[in-house]
Asker: 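I'd like to ask you about the structure that follows.
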Amino acid sequence: MRLIATAIVLSLAMVAGCDSQPEQTSRQRPPAGAAAGMDTYYKQRLNWSDCGDGFQCATAEVPLDYARPGGDRLRLSLTRLPAEDGSRRVGSLFTNPGGPGGSGVQFVRQAARTFGADVRKRFDIIGFDPRGVGSSSPLRCLTGPQLDAFYAADTTPDDPKEVDALAAEGRKFADTCRTKAAKLLPYVGTANAARDMDVLRAAVGDDKLTYYGASYGTYLGASYADQFPGKVRALVLDGAVDPKLSSTETLIEQAKGFETALRAFAADCAERPDCPLGTDPDAALDRLTDLQRRADAEPLANTRDSRPVTESWAAMGVATALYAKEYWPILRQALTQAIRKNDGTLLIALADQMVERERNGTYSNQTDANMAVNCVDKPNPPDLATYRKAVDEAEKAAPRFGEFVVWGGLPCVYWPAQTKQQPRPLTAKGAAPILVIGTLRDPATPYSWAKNLAGELSSGVLLTLDGDGHTAYLQGNACITAATDRYLLTAQPPKDGTVCR
């Protein structure tokens with residue numbers, strides 16, 4: 001699969017009652033150079049209504065195609081937790097949890113109260129579902145059973161027949177999206193989502209953007225800064241993505257990141273009495289490889305439902321637990337069951353949380369949106385043979401995750417909406433200081449990406465967490481929290497190169 005690069009929040013609650021209509025106001029104007037007809041969008045004001053537990057919800061309108069703002073429109077869903085101290089309110093803090101495909105509405109409902117205390121007091125914390133995601137004109141392609149088959153497909157094919165079967169799943173994904181969502185597919189990319197964010201900034205009355213983006217959300221934030229550098233107040237880019245990498249380079253580097261995180265887990269596991277992998281970290285990795293081969297030859301049992309736990313489902317379960325160190329004890333338990341009892345139930349339960357699959361077999365639209373955005377954001381290899389070369393490179397660089405991660409992007413080879421825009425560094429020349437946070441052993445967004453993005457941005461400042469897991473700010477490290485909160489409140493970043501432990 002194409003792994004979700006998101007600040008993963010498990011067991012997110014669905015949001016209801018967020019369907020208020022936008023009003024019009026004259027307080028904002030479109031940026032210089034915007035297409036004629038954008039006034040309507042920049043002048044809208046949001047009607048916020050109560051949607052439970054202290055949150056307010058609204059909807060906004062944006063054009064499907066920014067080159068034709070008088071054409072079809074999309075509706076974006078938002079939620080906010082109002083500032084606790086309205087008399088000292090700074091403004092709005094927009095957020096994005098990553099993905100692409102992660103619901104910003106769900107993220108804020110789940111995580112807004114874990115932001116720093118002073119930030120909660122002085123900012124309205126806002127989450128929105130980007131175009132095509134969640135409840136914002138959602139993109140839907142595959143059914144639950146079709147997604148089950150897609151995720152179960154053998155991502156370590158051993159012969160041409162298995163390669164053909166994997167390619168058939170990729171073509172089916174692309175063809176189904178062509179049938180069900182052809183009109184939306186060309187317009188769900190990150191550049192358009194960044195334009196949407198500027199419309200939303202204006203709709204809440206902020207002159208400049210304050211933003212927290214995690215994982216893929218860093219790409220969205222950097223894209224915003226590059227397009228609207230004069231509108232940047234303070235942007236936190238946590239668990240950074242490197243924009244200049246090609247689509248396959250991104251996947252290969254991500255696979256290497258999971259390999260690094262797996263080695264850290266194995267070393268930690270080997271020191272614990274309940275480790276099912278033994279006391280030697282190197283031997284522990286070999287036992288994991290053996291488990292993958294066993295699941296490839298014969299799927300593990302599953303008492304949760306009727307799905308066999310194939311090698312791909314098992315690998316996804318392991319990857320899910322690597323996102324946060326707090327899940328390592330669960331991973332030890334899952335591997336104990338798998339290795340000693342051939343029982344993959346807990347592994348597939350972990351995997352289900354990664355892909356937002358419910359017990360009844362239904363999925364959120366995260367997978368559809370994730371694939372659609374990734375496939376349209378960057379050019380893709382033109383054929384299976386070219387793609388296979390990237391898979392071979394990944395297998396050498398990351399023996400346990402390389403094939404699994406890179407084969408997951410295969411539908412993009414057949415995708416009906418393609419771009420010719422080549423990847424490039426995003427410099428955001430003229431922007432205010434932008435804080436980039438990287439975690440040394442981050443599995444989904446390798447630390448090298450944070451270093452690269454901070455260097456590419458003309459005003460980038462690097463803050464490092466010497467730790468494990470995906471992203472840093474909401475993980476409870478006091479040093480990271482203090483530095484980030486101070487920056488959000490004052491727009492003054494910490495010293496470039498600061499390291500927190």
Asker: Taking the basic N atoms (NZ, or NE/NH1/NH2) and the acidic carboxylate oxygens, is any pair closer than 4.0 Å for D268 and R272?
Answerer: yes
Asker: Does K208 pair with D198 as a salt bridge, N-O distance under 4.0 Å?
Answerer: no
Asker: Looking at OG1 of T345 and CG of N302, how far apart are the two atoms once the value is rounded to the nearest 0.5 Å?
Answerer: 4.5 Å
Asker: Q146 side chain to F173 main-chain N or O, any donor-acceptor pair under 3.5 Å?
Answerer: no
Asker: State plainly whether the residues D85 and R122 are in salt-bridge range, i.e. N to O under 4.0 Å.
Answerer: no
Asker: Atom CG of L262 and atom SG of C269: how far apart are they, to the nearest 0.5 Å?
Answerer: 10.0 Å
Asker: Do Y363 and T143 have side-chain N/O donor and acceptor atoms under 3.5 Å apart?
Answerer: no
Asker: Do the ring centers of F115 and F123 come within less than 6.0 Å of each other?
Answerer: no
Asker: Any donor and acceptor pair, going by atom type alone, linking the side chain of T218 with main-chain N or O of S215 inside 3.5 Å?
Answerer: yes
Asker: May I ask you to decide if G132's main-chain N or O and S136's side chain share a donor-acceptor pair within less than 3.5 Å?
Answerer: no
Asker: Within the distance-only criterion (no hydrogens, no angle test), does the side chain of Y211 pair as donor or acceptor with the backbone N or O of G217 below 3.5 angstrom?
Answerer: yes
Asker: Are a donor atom and an acceptor atom from the side chains of Y66 and D196 found within less than 3.5 Å of each other?
Answerer: yes
Asker: Would the number of heavy atoms belonging to other residues, nucleotides or ligands and lying under 6.0 Å from CZ of R68 be above 12?
Answerer: no
Asker: Below 4.5 Å, heavy atoms only, C-beta onward: do L346 and I330 meet side chain to side chain?
Answerer: yes
Asker: Run the side-chain contact (heavy atoms from CB on, under 4.5 Å) check on M38 and V199 step by step: do they pass?
Answerer: CA-CA 9 Å; M38 286 300 299; V199 171; 4.2 Å; yes
Asker: Return yes if a side-chain donor-acceptor contact under 3.5 Å exists between T445 and Y216, otherwise no.
Answerer: no
Asker: In Å and rounded to the nearest 0.5 Å, what is the CD to CD distance from E358 to Q353?
Answerer: 10.0 Å
Asker: Is any side-chain heavy atom of V90 less than 4.5 Å from a side-chain heavy atom of T210?
Answerer: no
Asker: Indicate yes or no for a side-chain donor-acceptor contact from T498 to the backbone of P494 under 3.5 Å, with no hydrogens or angles considered.
Answerer: no
Asker: Indicate yes or no for a side-chain donor-acceptor contact from N370 to the backbone of G101 under 3.5 Å, with no hydrogens or angles considered.
Answerer: no
Asker: Between L463 and V436, is any pair of side-chain heavy atoms under 4.5 Å apart?
Answerer: no
Asker: What side chain to side chain donor-acceptor pair (under 3.5 Å) pairs are there with at least one residue in residues 449-461, not counting sequence neighbours?
Answerer: D242-N452, K244-E456
Asker: For residues V62 and R131, determine if any side-chain heavy atom of one lies less than 4.5 Å from a side-chain heavy atom of the other.
Answerer: yes
Asker: Is the backbone N or O of A472 less than 3.5 Å from a side-chain atom of D238, with the two atoms forming a donor-acceptor pair by type?
Answerer: yes
Asker: Short question: side chain of D124, backbone of A83 - any donor-acceptor pair under 3.5 Å?
Answerer: yes
Asker: Using the salt bridge (charged side-chain N to carboxylate O under 4.0 Å, His left out) rule, collect all pairs that involve residues 483-501, keeping only residues at least two apart or in two chains.
Answerer: D466-R501
Asker: Please test Y447 against T464 for side-chain hydrogen bond (donor to acceptor under 3.5 Å, both in side chains), starting from the C-alpha separation and ending with a verdict.
Answerer: CA-CA 9 Å; Y447 178 67; T464 298; 2.6 Å; yes
Asker: Going through the distances and angles, do T439 and T471 end up as a side-chain contact (heavy atoms from CB on, under 4.5 Å)?
Answerer: CA-CA 6 Å; T439 301; T471 72; 5.8 Å; no
Asker: Taking atom SG of C412 and atom CG of L251, what is their separation to the nearest 0.5 Å?
Answerer: 8.0 Å
Asker: Is the shortest heavy-atom distance from the side chain of L237 to the side chain of I434 under 4.5 Å?
Answerer: yes
Asker: Assess whether a salt bridge exists between R359 and D305, defined as any Lys/Arg side-chain N lying under 4.0 Å from an Asp/Glu carboxylate O.
Answerer: no
Asker: Which of these passes side chain to side chain donor-acceptor pair (under 3.5 Å) with S135: T79, T59, D129?
Answerer: D129
Asker: Could you check whether any side-chain heavy atom of L435 comes within less than 4.5 Å of a side-chain heavy atom of L462, counting everything from C-beta outward?
Answerer: no
Asker: I would like to know whether Y327 and F265 meet ring pair (Phe, Tyr, Trp, His ring centres under 6.0 Å); could you show each step before the answer?
Answerer: CA-CA 10 Å; Y327 289 96; F265 164 76; over 10 Å; no
Asker: SG/C500 to CG/L465 distance, rounded to the nearest 0.5 angstrom?
Answerer: 7.0 Å
Asker: Would you call D207 and K231 a salt bridge, taking side-chain N to carboxylate O under 4.0 Å as the test?
Answerer: no
Asker: Just so I know, are the side chains of P82 and W48 near enough to count as touching, which here means a heavy-atom distance under 4.5 Å?
Answerer: no
Asker: Per the side chain to side chain donor-acceptor pair (under 3.5 Å) rule, which among E259, Q254, E253 passes with K256?
Answerer: E253
Asker: Kindly indicate whether the side chain of R109, heavy atoms from C-beta on, has any atom under 4.5 Å from the side chain of S103.
Answerer: no
Asker: Quick one: does E61's side chain have a donor or acceptor within less than 3.5 Å of a partner on Y41's backbone?
Answerer: no
Asker: Using salt bridge (Lys or Arg N to Asp or Glu O under 4.0 Å), reason through D352 and R307 one step at a time and then give a plain yes or no.
Answerer: CA-CA 12 Å; D352 284 350; R307 290 171 296 162; 2.8 Å; yes
Asker: Should the heavy atoms of other residues, nucleotides or ligands under 6.0 Å from NZ of K121 be counted, would the total exceed 12?
Answerer: no
Asker: Check the pair L93, L488 against side-chain contact (heavy atoms from CB on, under 4.5 Å), reporting the backbone distance first and the verdict last.
Answerer: CA-CA 9 Å; L93 172 59; L488 288 171; 4.0 Å; yes
Asker: Taking the six-membered ring for Trp, are the ring centroids of F94 and Y212 within less than 6.0 Å of each other?
Answerer: no
Asker: For D226, is there an ion pair with K429 - N to carboxylate O distance below 4.0 angstrom?
Answerer: no
Asker: Centre-to-centre under 6.0 Å for Y219 and Y224, is that the case here?
Answerer: no
Asker: Does a salt bridge link D206 with R201, judged by any charged N lying under 4.0 Å from a carboxylate O?
Answerer: no
Asker: Give a yes or no on whether the backbone of F55 and the side-chain of D53 come within a donor-acceptor separation of less than 3.5 Å.
Answerer: no
Asker: Might you work through the side-chain contact (heavy atoms from CB on, under 4.5 Å) test for L147 and R357, ending with a clear yes or no?
Answerer: CA-CA 9 Å; L147 282 169; R357 183 190 192 274; over 6 Å; no
Asker: Between SG of C177 and CG of D368, what distance do you get to the nearest 0.5 Å?
Answerer: 5.5 Å
